[in-house]
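The structure appears below as structure tokens.
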Amino acid sequence: MRFAGQVAIVTGAAGGIGLATAQRFAAEGATVALVDHDSDALAATAAQIQGDTMQVVCDVGDEGQVAAAVEQVLRRFGRLDVVVNNAGLMMFRPIEALSGADWNQVLRVDLLGAFYFIKQGFLHMPPGSAIVNVASVHALKTEPNVAPYAAAKAALLSLTRSAAIEGIPKGIRVNAILPGAVDTPMLWNNPQVKSGTEHLDAAEVGKPAEVAAAIAFLASSEASFIQGASLLVDGGRLCQL
Ligand SMILES: NC(=O)c1ccc[n+]([C@@H]2O[C@H](COP(=O)([O-])OP(=O)(O)OC[C@H]3O[C@@H](n4cnc5c(N)ncnc54)[C@H](O)[C@@H]3O)[C@@H](O)[C@H]2O)c1
């Protein structure tokens, strides 16, 4: 029970990796605040988690809503030990069809959402706390038609390093994971996967629980000397020529 007595926020908790992560933290003793903007899916998720949970409907791309969400968690549970910045979205459009508004739509969730929670974490989390940012292999290598997503995830790794440096004197660790293809709605809704343009062998697709295990490790005291790291969790996909 690595998280007994701790309170964890998981964003994007209503599905996929976020749900698996919330289940993992709850199974290891944490009280889990499930944050998502989809209230119906969030209620369905909460029913799938055994343990002490709280549902918080919040658009992570809205700084005021993030501050209010953290305040709600602190009012209810009195502490915050772990934040997992997992909420994310992808957009599929070639560069010549993208507008500034499109970029803002992706960056506000995939990059600024993490920043808003890191800011609140730095204001409220005690020494010994941990933040894990869910980036993507797209931060390192990418494909056509996902420029804002790839850029947001690359910037999230940079933000992870900046926050890690500033987190040292506060005793707050900040790390990132880079999942490869994971069996979630985001993967199967990807039009490039659906059409076969992006080919995936079964061995290249991980389970949400395998990503959750890596997140839980980085958030736990077992990773006490790991700060500012970016951990690939992709079954070796990026190693191949
Ligand atoms: N599935 C993959 O293959 C894969 C690969 C690499 C990285 N990732 C990353 O993992 C994370 C989780 O992805 P997933 O595959 O579980 O996706 P998913 O689409 O299954 O889940 C994403 C969740 O984020 C929520 N969300 C979206 N916008 C939000 C907002 N503005 N405010 C609050 N919640 C919001 C959605 O409602 C959803 O519950 C994302 O950051 C994604 O970029 C996924």
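We count ligands from 1, going down the list as the structure has it; atoms in each ligand are counted the same way. Residues take their numbers from the sequence shown, with the count starting at 1. Please read these numbers as outputs of a predicted model, since none were measured by experiment.
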Protein residue, atom and distance nearest to [atom], heavy-atom basis:
| atom | value |
| --- | --- |
| atom 19 (O) of ligand 1 | Met186 CB, 3.6 Å |
| atom 27 (C) of ligand 1 | His37 NE2, 3.5 Å |
| atom 32 (N) of ligand 1 | Val60 N, 3.0 Å |
| atom 15 (O) of ligand 1 | Thr184 OG1, 2.5 Å |
| atom 21 (O) of ligand 1 | Gly15 O, 4.3 Å |
| atom 24 (O) of ligand 1 | Gly12 CA, 3.4 Å |
| atom 3 (O) of ligand 1 | Val182 N, 2.8 Å |
| atom 8 (N) of ligand 1 | Tyr149 OH, 3.7 Å |

If we set the cut-off at 4.0 Å for heavy atoms, which region of [X] has an atom near ligand 1: side chain, backbone, both, or neither?
| X | result |
| --- | --- |
| Pro179 | both |
| Lys153 | side chain |
| Asp59 | both |

For this session: Identify which one of Ile215, Thr160, Asp234 satisfies the side-chain contact (heavy atoms from CB on, under 4.5 Å) criterion when paired with Ile177.
Result: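 That would be Ile215.
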Output the list of atoms in ligand 1 that are nearer than 4.0 Å to some heavy atom of [X], sorted by atom number.
| X | answer |
| --- | --- |
| Ala14 | 39 (O) |
| Ala181 | 3 (O) |
| Cys58 | 32 (N), 33 (C) |
| Ile17 | 10 (O), 16 (O), 44 (C) |
| Pro185 | 20 (O) |

For this session: May I ask whether Gly180 has any heavy atom positioned less than 4.0 angstrom from an atom of ligand 1?
Result: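 Gly180: in contact with ligand 1 (<4.0 Å).
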Exercise. Does at least one non-hydrogen atom of Ala135 fall below 4.0 angstrom from an atom of ligand 1?
Worked result: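 The answer is yes, since Ala135 has a heavy atom less than 4.0 Å from ligand 1.
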Look up atom [atom1] in [X] and atom [atom2] in [Y], then write down how far apart they are to the nearest 0.5 Å.
| X | Y | atom1 | atom2 | result |
| --- | --- | --- | --- | --- |
| Gln227 | Leu218 | CD | CG | 11.0 Å |
| Gln192 | Asn145 | CD | CG | 4.5 Å |
| Leu80 | Thr31 | CG | OG1 | 11.5 Å |
| Leu156 | Leu107 | CG | CG | 11.0 Å |
| Leu89 | Asn189 | CG | CG | 12.0 Å |
| Ile9 | Leu74 | CD1 | CG | 7.5 Å |

Exercise. Is it true that Glu28 and Arg24 make a salt bridge, defined as a side-chain N closer than 4.0 Å to a carboxylate O?
Worked result: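 Here Glu28 pairs with Arg24 in a salt bridge, since their nearest N and O are under 4.0 Å apart.
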For this session: Take Met90 and His138 through the test side chain to side chain contact (heavy atoms under 4.5 Å, CB included) and record every step on the way to the result.
Result: CA-CA 11 Å; Met90 276 186 110; His138 283 274; 4.0 Å; yes
Exercise. Is the backbone of Ala219 close enough, under 3.5 Å, to the side chain of Asn175 for a donor and an acceptor to pair up by distance?
Worked result: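 Side chain of Asn175 to backbone of Ala219, a donor-acceptor pair under 3.5 Å: no, none is there.
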Exercise. Is the closest side-chain heavy-atom distance between Phe92 and Asn190 below 4.5 Å?
Worked result: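 Phe92 vs Asn190: side chains touch.
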Problem set entry | Where Gly121 and Ile172 come nearest, the two heavy atoms and their spacing |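 Closest approach of Gly121 to Ile172: O-CD1, 3.9 Å.
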Problem set entry | Selection from Asp36, Val56, Ile215, Thr21 by shortest heavy-atom distance to atom 37 (O) of ligand 1 |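 Of the listed residues, Asp36 has the closest heavy atom.
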Problem set entry | Option set Leu187, Val134, Asn86, Leu112, criterion heavy-atom distance to atom 12 (C) of ligand 1, minimum |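 Among Leu187, Val134, Asn86, Leu112, the closest heavy atom to atom 12 (C) of ligand 1 comes from Asn86.
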